[in-house]
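Everything below concerns the one structure shown next.
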Number of protein chains: 2
Amino acid sequence: MSTAPIRVLIADDEPLVRSGLAVILGAEPDIDVVGEAESGAQAVALARTLTPDVVLTDVRMPALDGIQAARRILDTVVPAPRVVVITTFENDDSVHDALLAGAAGFLLKRSRPEAIVQAVRLAAFGDTLMFPDSVRDLALHRRRATTPFPHPLSEREQDVLRLMASGLGNAEIAATLFLGAETVKTHVANILTKLGARNRTHAVVLAYRSGFVAP
Amino acid sequence: MSTAPIRVLIADDEPLVRSGLAVILGAEPDIDVVGEAESGAQAVALARTLTPDVVLTDVRMPALDGIQAARRILDTVVPAPRVVVITTFENDDSVHDALLAGAAGFLLKRSRPEAIVQAVRLAAFGDTLMFPDSVRDLALHRRRATTPFPHPLSEREQDVLRLMASGLGNAEIAATLFLGAETVKTHVANILTKLGARNRTHAVVLAYRSGFVAP
DNA sequence: TAGACGTTCCCCCGAACGGGGGAGGATCGT
DNA sequence: ACGATCCTCCCCCGTTCGGGGGAACGTCTA
């Protein structure tokens, strides 16, 4: 297992994060941090000249975001490095885009240092991929439409609609949410008018089609 | 990093695979193979008594397949171990099911031993997930193999269900298909009993979840 | 030929749904 | 202090659903 060390390029607009990653990765004997970029454009340029094995890039960056940078790197740099995307936010919809762009992995900045190191090693292996549980669903399911409904539903109405989308009747929804049956009726009626649905089944259909609930 | 070793339970119906995995994992100083199961049912039983940190289970097994075993282990064993599913076939649709069942990872038997070891370590970390590139698309995209209904629907019943899944009422369905309202009622009743649905909305939900109708 | 199954239609009837109205209380921003 | 919004519950009342029967007609098969 003692071959050439893994050459890593770090791309992040925050110097603190860059140095943190550099320290974590540089401490490993089988990993060499060969460069750091503070923008997506610079990451692409450095990837071309340095030809690293792994590019560890943030999602949000000036000049070129991490997804576009990843796409451009994978398209233009030969031999193509493995790109691991890192982000701060758990509920980031870009997971799906990143993986479709060809990223080898996706992880959170709050991950354990060991996990980050392992992710880089796995990416260098060339046949594996990893990302945190907290964003797994985002990769598994189709991207959720942000605001599909013309009139936004209130919190409670969303609760009711979710249960409606499970096939529950008004009485069952009332029992689940500890509400009176009349209250549920009110919420259902408001949902129908807000969504422009003809009946409860139509409302559920709209909920599925809009991505409000995952199939 | 020198805490207690990772306790691993191996489940596979082929003794050769079991011993192979045991050798690979046992060679690592931070990993202990605490048990081996040759069926899904035995895996569940051993998981309860051994309470391992990680369960490495095959997909295809007698008595109980790996997916069902994973689901049962995650539901009943406390503290819940991390389940990593392993399979022989790249084009295995069960990737999606496994991840939805709560599996922490998915990998191929032809993976490098290093990758398998890393997968176990990452699973033990508790917040990461990995699986090979070759099956990534299966996890990213929706399952296309539509799970058939327990009792198959007749042609006409499928017509009615499709219109139900558009949010139409019985009268509208009757008008669309040039049928009497009573006929539609009969079909709907048969659909509900065949699908085991509680009401028409539930039937539409099942139609969406099974892939019978596209979202 | 005698079933089995699917499709079509009918009846009754209770339960659930959906539209209309009103009303009290909580919270929040102006 | 006021209005806006949301959540909660109540009333009436007509429509729709859903379950229980039954029955006619066709096709296909054993």
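Nothing here was measured: the structure is a model prediction, and the numbers come from that model. Quick note on labels: first sequence line is chain A, next is B, and so on, each numbered from 1.
- How far CE of B:M164 is from CG of B:D159: 12.5 Å, rounded to the nearest 0.5 Å.
- Between A:V188 and A:V160 the shortest side-chain heavy-atom distance falls below 4.5 Å.
- Summarising the geometry, the separation between CG on A:N190 and P on D:dT8 is reported as 12 Å, rounded to the nearest angstrom.
- In this structure, B:S154 does not reach the C:dC5 phosphate: none of its side-chain N or O atoms is under 4.0 Å from OP1 or OP2.
- For the segment residues 173-187 of chain A, the set of residues with a heavy atom within less than 4.0 Å of an atom of DNA chain C comprises A:K185, in numerical order.
- Summarising the geometry, the separation between CG on A:N199 and P on D:dC17 is reported as 7 Å, rounded to the nearest angstrom.
- Counting to the nearest Å, the C1' atom of C:dG6 and the CD atom of B:Q158 are 13 Å from each other.
- In this structure the side chain of B:V34 reaches within 4.5 angstrom of the side chain of B:P52, judged on heavy atoms.
- What separates CD1 of A:I191 from C1' of D:dT8 is a distance of 15 Å, to the nearest Å.
- Contact annotation: the side chain of A:L163 approaches that of A:L177 to within less than 4.5 Å [non-hydrogen atoms, C-beta and beyond].
- Following rounding to the nearest Å, B:L192 (CG) and C:dA16 (C1') show an atom-to-atom distance of 14 Å.
- Of the inter-residue distances, the one linking B:L206 atom CG with B:L192 atom CG reads 9.5 Å to the nearest 0.5 angstrom.
- Nearest-nucleotide positions on DNA chain D for B:A189 and A:R156 put A:R156 closer to the 5' end.
- Sparse packing is recorded around CD of A:E38, with 12 or fewer heavy atoms of other residues, nucleotides or ligands lying under 6.0 Å away.
- For A:E155, the side-chain atoms get nearest to D:dC7 when compared with the rest of C:dT7, D:dG18, D:dC7.
- Near DNA chain D, defined here as any heavy-atom distance below 4.0 Å, the residues from residues 162-171 of chain B are B:G169, B:N170, listed numerically.
- Annotation: side chain of B:V55 is not in contact with side chain of B:R82 (no heavy-atom distance under 4.5 Å).
- Separating the CD atom of B:E157 from the P atom of C:dG6 is a distance of 7 Å, rounded to the nearest angstrom.
- Between B:D75 and B:R72 there is no salt bridge, since no side-chain N of the basic residue sits under 4.0 Å from a carboxylate O of the acidic one.
- Counting all heavy atoms, side chain and backbone alike, A:D65 lies closest to A:Q68 at OD1-N, 2.8 Å.
- Rounded to whole Å, the distance from CZ on A:R200 to C1' on C:dA15 is 13 Å.
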